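Beneath this line is the structure, given in structure tokens, with notes to follow.
In what follows, chains are A, B, ... by sequence order, proteins preceding strands, each numbered from 1. Not measured: the values here are computed from a predicted model.
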There are 2 protein chains.
Amino acid sequence: MPPLAETAGLLADRTRAAFCQALLDGRAWTAGELARHAGVRPSTASEQLTRLIEGGLLTEERQGRHRYVRLAGPEAAALIEALASYASYSSSPRSLRQSVRLSAEAKARTCYDHLAGQLGVALADAMIARGLVADDSGLAVTPAGRTWLADALGYRHPAGTRRPLVRSCLDWTERRPHLAGALGAALCATALARQWVRRVGSGRAVKVTPVGGEAFRELLGVRF
Amino acid sequence: MPPLAETAGLLADRTRAAFCQALLDGRAWTAGELARHAGVRPSTASEQLTRLIEGGLLTEERQGRHRYVRLAGPEAAALIEALASYASYSSSPRSLRQSVRLSAEAKARTCYDHLAGQLGVALADAMIARGLVADDSGLAVTPAGRTWLADALGYRHPAGTRRPLVRSCLDWTERRPHLAGALGAALCATALARQWVRRVGSGRAVKVTPVGGEAFRELLGVRF
DNA sequence: GGGATGGTTCGGGCCGCGCCGAACTTTTCC
DNA sequence: GGAAAAGTTCGGCGCGGCCCGAACCATCCC
């Protein structure tokens, strides 16, 4: 079996796909949580998780009687994003898309380790409008952007890392790009740490707190 | 079945994956060519092609008794690239990788509508070194680059298109990025039109002609 | 220790699907 | 018109894999 087909096969199953999409929130889930989420028996979940781990898409971490599982890394997340984005791009009738836009996840959510949804797109737009990120056919952080990153988030990009500072990630609800890469991750981490956003429910949805609304307005002029 | 799993399923089969990877050369193939290429009977190829077309990954064009088939567009190509790149990234033992590097495809080939392989990476490096493309955490064409595009290739980027001028595409033989997007396509089209490279065999491999060697050296200082 | 909970292993059932060959249709060429 | 070639449709075969329940193991808590 050629490697492409094999990798695709990992994601070509209802249950495994549900696992991976849930794990796009970047957190570690237990096997049982994923089983309930996908609506299968624990035994089934256990087997499918093993396959995903052996396939290199997930990593596990055992803690006592729990088996925690998370995406193997940004590359794996990017692959799943790419597939999900293409799939929703090529399918999804209009009416469904409309109703999706009204959900909590569409307003604001995490996408692996960065922010997405209407919030994510608004933040991306704001950073481009303020000249912190340039969108000259491909995204790039400007010098002003680097300063802002250090001042507002306390983030300095280590030289020589493989991960790009900023990467565009197509938003499957908004159909517009938001910011991924190290910048996106730093922004999301800060937002969670300083309680600008709070997770709601067990999924990927987040909610902007009053403090967060203030912060986003002050730092980037985003009104949400 | 969730859309992600469905799309993945299209590529989760030996035969269909072989079709798609062959079609990454950007050309239109007949059903029979693909059948021989993948080592299946025409009847099988016919059925699988229908599935890929209904799934939106391919488009067809009938001409007489021939059924020509090609990738549906840059998005589809990008998806297949992403999967192929990840698959070879996560698998592929060292020895295999070594022998792959010596093949004709590794030296120079097309990747959907742009140039890849050692040639593609060399061209990308040269354009970055000459300041035509900036690699400041994300790729972007510089003003000098736009001038060069107009002068050397006669290409002017239409405003308001959805397709990015330049996009990074991870090379699965070199493990380094080469240039995709409209710029990559324009460069590849020019190279083929002006006989800088010539296709060899039925696959994606190309060969740099003497004229091409001259042109690449003159325009970008690339010695190949 | 004993009960409850999370997770795994194993056997078995079942459905899907990828493949082929044979028969058929359509187009091309002589 | 007739033969050859490209492609399609259909019936059928067989494998793979997805799922479950039952039994079992490991951990945690009282």
Exercise. Would one find a side-chain N or O of A:R14 under 4.0 angstrom from OP1 or OP2 of D:dC18?
Worked result: no
Problem set entry | Spacing between B:F19 atom CZ and C:dG18 atom P, to the nearest angstrom | 12 Å
For this session: Mark yes or no for a side-chain to base donor-acceptor pair under 3.5 Å between B:S43 and C:dG21, with no hydrogen or angle criteria applied.
Result: yes
Exercise. Does a donor on one side chain sit under 3.5 Å from an acceptor on the other, for A:R67 and A:T50?
Worked result: yes
Exercise. If only atom types and distance count, is the side chain of B:R14 paired as donor or acceptor with the main-chain N or O of B:A38 below 3.5 Å?
Worked result: no
Exercise. More 5' along DNA chain D: B:S46 or A:D13, using each one's nearest nucleotide?
Worked result: B:S46
Exercise. Are any of A:R16's side-chain N or O atoms less than 4.0 Å away from OP1 or OP2 of D:dC18?
Worked result: yes
Exercise. Have B:T110 and B:R27 got a donor and an acceptor in their side chains that come within less than 3.5 Å?
Worked result: no
Seminar exercise, completed: What residues 50-65 of chain B contributes to the DNA chain D interface at heavy-atom separation below 4.0 Å is B:R62, B:R65
For this session: Let me know the distance between CG of B:L49 and P of D:dA6, rounded to the nearest Å.
Result: 15 Å
Exercise. Going by an N to O cut-off under 4.0 Å, is there a salt bridge joining A:R176 and A:D125?
Worked result: yes
For this session: For the pair A:T30 (side chain) and A:Y68 (backbone), establish whether a donor and an acceptor sit closer than 3.5 Å, ignoring hydrogens and angles.
Result: no
Problem set entry | Length of the OH-P vector between A:Y68 and D:dT27, whole Å | 15 Å
Seminar exercise, completed: note: B:Q48, atom CD; D:dT8, atom P; distance rounded to Å ~ 12 Å
For this session: Indicate, with a heavy-atom threshold strictly under 4.0 Å, whether A:R36 touches base, sugar-phosphate, or nothing.
Result: nothing
Exercise. Which part of the nucleic acid does B:E47 contact within heavy-atom distance under 4.0 Å: base, sugar-phosphate only, or nothing?
Worked result: base
For this session: Please state how far atom CG in A:L10 lies from atom P in D:dG17, giving the value in whole angstrom units.
Result: 11 Å
Problem set entry | Donor-acceptor under 3.5 Å (A:T190 side chain, A:A186 main chain) | yes
Exercise. Taking only residues two or more places apart in sequence, or in another chain, which ones meet A:H114 in a side chain to side chain donor-acceptor pair (under 3.5 Å)?
Worked result: A:H178
Problem set entry | Short side-chain N/O contact to C:dC19 OP1/OP2 from B:T44, under 4.0 Å | no
Exercise. A:R41 side chain: which of D:dT8, C:dT8, D:dC20 is closest?
Worked result: D:dC20
For this session: Would you mind reading off the distance between A:H37 atom NE2 and C:dG6 atom P, rounded to a whole angstrom?
Result: 18 Å
Exercise. How many Å lie between NE2 on B:H66 and P on D:dA5, as a whole number?
Worked result: 12 Å
Exercise. Can you find a side chain N or O atom of A:R67 that sits less than 4.0 Å from OP1 or OP2 on C:dG6?
Worked result: no
